[in-house]
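Proteins come first, then strands; the chains are lettered A, B, ... in the order of their sequence lines, and each starts at number 1.
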Number of protein chains: 2
Amino acid sequence: MQDSIKLAGIREIAEALSISNGTVDRALHGRGGVSAKTAARVLKMAEELGYRPNLAARALKLNRRIRIGVQLPKQIASFFDPLRSAIRSAATASRGFQIALDFEEYPRLGHGDVELLTRVLGRPSDQRYDALIVTPGNPARVDALLTSIARSGTAIICVASDAPRSERLASVAVDAYTSGSIAAELLARTLPNGSVATITGDLTTLDHADKLRGFAATLATLAPHLTLLTAVESHDRAEEAYRQTVALLKRRPRPVGLYLSTANSIPVLEAVREHRMAGKIQIVTTDLFNALLPYIESGDVLATLYQRPQTQAKIALETITSYLLEGTLLNPVTRLAPHIILRSNLPLFLDHVTERQISRGVSF
Amino acid sequence: MQDSIKLAGIREIAEALSISNGTVDRALHGRGGVSAKTAARVLKMAEELGYRPNLAARALKLNRRIRIGVQLPKQIASFFDPLRSAIRSAATASRGFQIALDFEEYPRLGHGDVELLTRVLGRPSDQRYDALIVTPGNPARVDALLTSIARSGTAIICVASDAPRSERLASVAVDAYTSGSIAAELLARTLPNGSVATITGDLTTLDHADKLRGFAATLATLAPHLTLLTAVESHDRAEEAYRQTVALLKRRPRPVGLYLSTANSIPVLEAVREHRMAGKIQIVTTDLFNALLPYIESGDVLATLYQRPQTQAKIALETITSYLLEGTLLNPVTRLAPHIILRSNLPLFLDHVTERQISRGVSF
DNA sequence: TTGAAAGCGCTACCAC
DNA sequence: GTGGTAGCGCTTTCAA
């Protein structure tokens, strides 16, 4: 089979119709100032000749240096640091655009994000972002802001979470419901009778709530032999998680399985180890970072659900560039499957773990 | 943090040194005809100004219509059909290059591949491929050919398998050893005592042998309670697989787990069902296609290891274009982690399953 | 409403 | 060894 496409450009269309290429361009892009009749002829001929715009030429001519704002929280660093650096390298690799990135940070989801977003609206128009990458925290508090920004001409891309009721251009995230569902299936298949517990961050966060819904639903379907204890919220703080874990371990009968739906897993794992329950409780965690590695290698952790920050970054930037350059919206909503990382496939992910994910302060 | 890179082009370097941009270009690309001294000055200034080539301009100027040959087997269609169509769409989406694809097919791995490769060497030089995408079957029989083609100036990219001793430019594949290892871990975690069997294609194929090595190694480590029966080779033929499965099911004690390391799983699953053993034997399969879906949904299949043809295609084309356009070899060897598809995350993969994977004849 | 032409940054060719 | 320059296909501006 041969894909030989004859390359028809604007020039060819113009010649075929004996008009100027300026007119063809205007017609093709509906820029106005073209009679309806001519426009129709152009469109028809373009179709006929199989017109494919030369993106290199377009990019060269436009030669825009597009400006992308990136507003992400410092925490949880194990996820957002790799995400940031992946955005950086995806931007560097981009053909066609010079991409200027403007990174801004705030402490954590729901703490400082609104302020940064507000500041975007105040930027002088010559410094406007062409696109803005954000992780929306509480939708109720950012929806309106995101919509305002979008209407001001900045394309909004949500990563890691979503604000579906805002006018964001696109959203990329791991499917949270499915994440919970996978955790439940893994526990269902490996555990005999007993009860399982979940430790999450904050149930007002959509992502966390969705994970729990998926977990509960699948547990009910696949594991009628397992009882689900009420969810514990650790608010992504280390001591809280530690304390709550100790409390869980003192319950009788003791839970046989644990689903940690945020990256705040280390204090939990430490508590489990200190109580000499390592390996006796099946644990499914979230994300991948240095401190977690030994627990996976030892088998203390059955599996971790990796949210693929690199992939999310790549998709986000592809979405932005193809939107700005070609005017096509690839995929308004991308829901990735998390990678299920076990002991056996861990080696393949080791190069995804960066070094400088040192937890400072109480959480990570 | 602000990434404002001042955009220095060839022009800027030339002006800074009061020389012509032709000279700068020659120096930057080591094209010769430049005095060592000038070349050094140019390189230094380029460094200083942070020279970044404008890839759009380069692409526009070169305006090559690169020609990529794609030689893949018809079987196993569930893998190679999606791979082919993903190559197609990745090529269409490519900025900078017009890509002409030349698809060629042969019946199956090891049957007809050598002939197609030989034919490549005979092509008139004006029809030479800039790059060739292949799945090497038996390395012993294609290594030399691949090297000849590579030396003739065609970049060879191996997908789905590898020929590491040839002079191929790059290789993209799922890590076979890890695939087997994952299968073993899943069975180890879900099975009590007993024996497990493997059905593979052909142990002379590197990929199949590697999977088995990984399976055996991990089984020994994680599941001393499980016995591994000797591997069965079905040569990817349906009746053979069916017959062998029936034989396996007649063994006493009956195997409690099964690892099917090729996509030739349907006859096995049918045999299991007919013997009313569905759900009583844990089965891990390979790849994802329509016919397999009901088995995953019903739980007959515990997990399938998906080899991500779309991802492989994308990486292969990225490797090719960045090599031909920028002259940089991204990653000579890419080893993907297979996706572990369970019942819970299956919905996220449904759109990866194309329709026209109808098995014709004896195998797929 | 349409035509003509400049020019984006790079490569390659020709002249010196 | 080096300088000068045409031109890739597109967008955009100015003139008609």
Separation between CZ (Arg26(A)) and OG (Ser20(A)), nearest 0.5 Å, reads 5.5 Å

Less than 6.0 angstrom from the centroid, inside 45 degrees of the normal: does Arg308(A) satisfy that with respect to the ring of Phe349(A)? no

Atom pair CG (Asn54(A)) and CD1 (Ile10(A)), whose distance is rounded to the nearest 0.5 Å: 10.0 Å

Quick one: which of Asp143(B), Val120(B), Leu121(B) gives a side chain to side chain contact (heavy atoms under 4.5 Å, CB included) with Ser148(B)? Leu121(B)

Establish, for the pair Arg123(A) and Tyr129(A), whether the NZ or CZ atom is under 6.0 angstrom from the six-membered ring centre and no further than 45 degrees off its axis. yes

Decide whether a cation-pi geometry holds between Arg88(A) and Phe103(A); the criteria are a distance under 6.0 Å from NZ or CZ to the six-membered ring centre and an angle within 45° of the ring axis. yes

First contact, last contact: which nucleotides of DNA chain C are these for chain A, 5' to 3', heavy-atom distance under 4.0 Å? dT1(C) to dG9(C)

Leu17(B) and Met45(B) have their tightest heavy-atom pair at CD2-CE, 3.9 Å

Begin from the C-alpha positions of Arg95(B) and Thr321(A) and carry the test side-chain hydrogen bond (donor to acceptor under 3.5 Å, both in side chains) through to its verdict. CA-CA 11 Å; Arg95(B) 281 162 213 169; Thr321(A) 54; 3.2 Å; yes

Judged by modelled atom types alone, do Thr92(B) and Arg52(A) share a side-chain donor-acceptor pair under 3.5 Å? no

Indicate for each nucleotide in nucleotides 7-14 of chain D, in 5' to 3' sequence, whether protein heavy atoms under 4.0 Å reach the base (B), only the sugar-phosphate (S), or nothing (-). BBBBBBB-

Minimum side-chain heavy-atom gap Glu104(B)-Val70(B) below 4.5 Å: no

End axis versus end axis in the helix from dT1(C)-dA16(D) to dC16(C)-dG1(D), the angle rounded to 10°, five pairs used at each terminus: 40°

